[in-house]
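Below: the structure, in C-alpha cells.
Counting convention: from 1, in listed order, for ligands and their atoms alike.
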Amino acid sequence: ILSRGVNEVSDCIFCKIVSGEIPSKRLYEDDKIIVINDLNPGAPVHVLVIPKEHTENILTASPDIVTYVKSKLPELVKMLKLDEKGFRIVINTGEDGGQSVPHLHFHILGGKQLGWPPC
Ligand code: AMP
Ligand code: ZN
C-alpha cells in the first residue's frame with residue numbers, strides 16, 4: 001500500500017496523483033514534488049510540477065516550496081530539453097486566473113515559440 005501524505009485532501013485530484021491512488025507516469029519525483037505530463041498539453045512539452053504537500057495556490061503556499069521548485073528548475077528544464085531554447089512557467093490562480101485544480105502546481109511549457117498573450 002502506497003503511503004499517503006499527511007496533508008492529503010480527500011477528493012483533490014492532485015493529492016490522489018501524488019498518493020498513487022490515480023496512477024501517473026512520473027517524469028521526476030523527490031520527497032517534495034512530482035513532475036507529470038499535462039493531460040491536455042498546450043505545447044509540445046507541457047508538464048506540471050506538483051508539490052506533494054497540499055496547498056491551494058501560490059498565495060497559500062509557503063515561500064519554502066516556491067524556493068524549492070526554483071532550486072530544481074535548472075535540472076528540470078535540462079531534463080525536458082528546454083534549457084537551450086527557453087520555456088514558460090505558468091501559475092494559474094483562482095477563478096479569473098483559470099485555475100481548474102485547487103492544488104498548487106506550476107505549468108512548464110515549451111518546445112515551440114509560444115505566443116503572447118496566451119489566450
Ligand atoms: P490549472 O487550470 O492551472 O488548474 O491546470 C490544471 C491542469 O491539470 C490542466 O492543464 C489539466 O489538463 C491538467 N490535468 C487535469 N487532470 C490531470 C491528470 N489526471 N493528469 C495530468 N494532468 C491533468
Ligand atoms: Zn491536493
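Set against the non-hydrogen atoms of Asn40, the atoms of ligand 1 under 4.0 Å away are 12 (O). Within ligand 1, counting atoms from 1 as listed, the ones closer than 4.0 Å to a heavy atom of Asn92 are 1 (P), 2 (O), 3 (O). Each of the following atoms of ligand 1 lies closer than 4.0 Å to a heavy atom of His105: 1 (P), 3 (O), 4 (O), 5 (O), 6 (C). The Phe14 neighbourhood of ligand 1 comprises atoms 8 (O), with distances under 4.0 Å to a heavy atom of that residue. In summary, the atoms of ligand 1 found under 4.0 Å from a heavy atom of His107, numbered by their order in the structure, are 1 (P), 3 (O), 5 (O), 7 (C), 10 (O).
Residue contact check for ligand 1: Ile91 places no non-hydrogen atom closer than 4.0 Å to it. Residue Ile17 places a heavy atom less than 4.0 Å from ligand 1.
Minimum interatomic distance between Ile33 and Leu76 (heavy atoms only, all atoms of both residues): CD1-CD1, 4.3 Å.
Between Asp11 and Lys16 there is a side-chain heavy-atom pair separated by less than 4.5 Å.
Seen from the Zn ion (ligand 2), atom SG of Cys15 and atom SG of Cys12 lie 120° apart in angle, a value rounded to 10°.
With rounding to the nearest 0.5 Å, the separation of NZ in Lys112 from NZ in Lys85 is 13.0 Å. Rounding to the nearest 0.5 Å places CG of Leu48 at 5.0 Å from CZ of Phe14. In this structure, the separation between NE2 on His107 and CD1 on Ile91 is 9.5 Å, given to the nearest 0.5 Å.
Ile65 and Ile89 fall within a single hydrophobic cluster, where Ile, Leu, Val, Met, Phe, Trp and Tyr are joined by side-chain heavy atoms under 4.5 Å apart, directly or via other members. Linking Ile, Leu, Val, Met, Phe, Trp and Tyr residues whenever their side-chain heavy atoms come within less than 4.5 Å places Val45 and Val49 in a single cluster.
Per residue His54, closest N, O or S atom to the Zn ion (ligand 2): atom name ND1. Looking at His103, its N, O or S atom nearest to the Zn ion (ligand 2) turns out to be ND1.
The N/O atoms of Ser100, backbone and side chain alike, include one that comes under 3.5 Å of an N/O atom in ligand 1. For a threshold of 3.5 Å applied to N or O pairs, the pair formed by Gln99 and ligand 1 contains no separation below that value. Backbone and side-chain nitrogen or oxygen atoms of Gly98 are examined, and one is located within less than 3.5 angstrom of a nitrogen or oxygen of ligand 1.
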Check your understanding: How far apart are the C-alpha atoms of Asp30 and Lys52, what are their side-chain angles, what is the distance that settles it, and do they pass the salt bridge (charged side-chain N to carboxylate O under 4.0 Å, His left out) test?
Key -> CA-CA 9 Å; Asp30 63 25; Lys52 289 187 169 179; 5.9 Å; no
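Proximity of the aromatic rings of His103 and His105 is defined here by a centroid distance below 6.0 angstrom, and this criterion is not met.
Closest to atom 9 (C) of ligand 1 among all protein heavy atoms lies Asp38 OD2, 3.4 Å.
Between Phe106 and the options Val90, Val47, Leu73, Val69, a side-chain contact (heavy atoms from CB on, under 4.5 Å) holds for only Val69.
The nearest non-hydrogen atom to atom 21 (C) of ligand 1, considering only Ile22, Leu39, Ile13, comes from Leu39.
Using a 4.0 Å cut-off between heavy atoms, Asn37 contacts ligand 1 through its backbone alone, with no side-chain atom that close.
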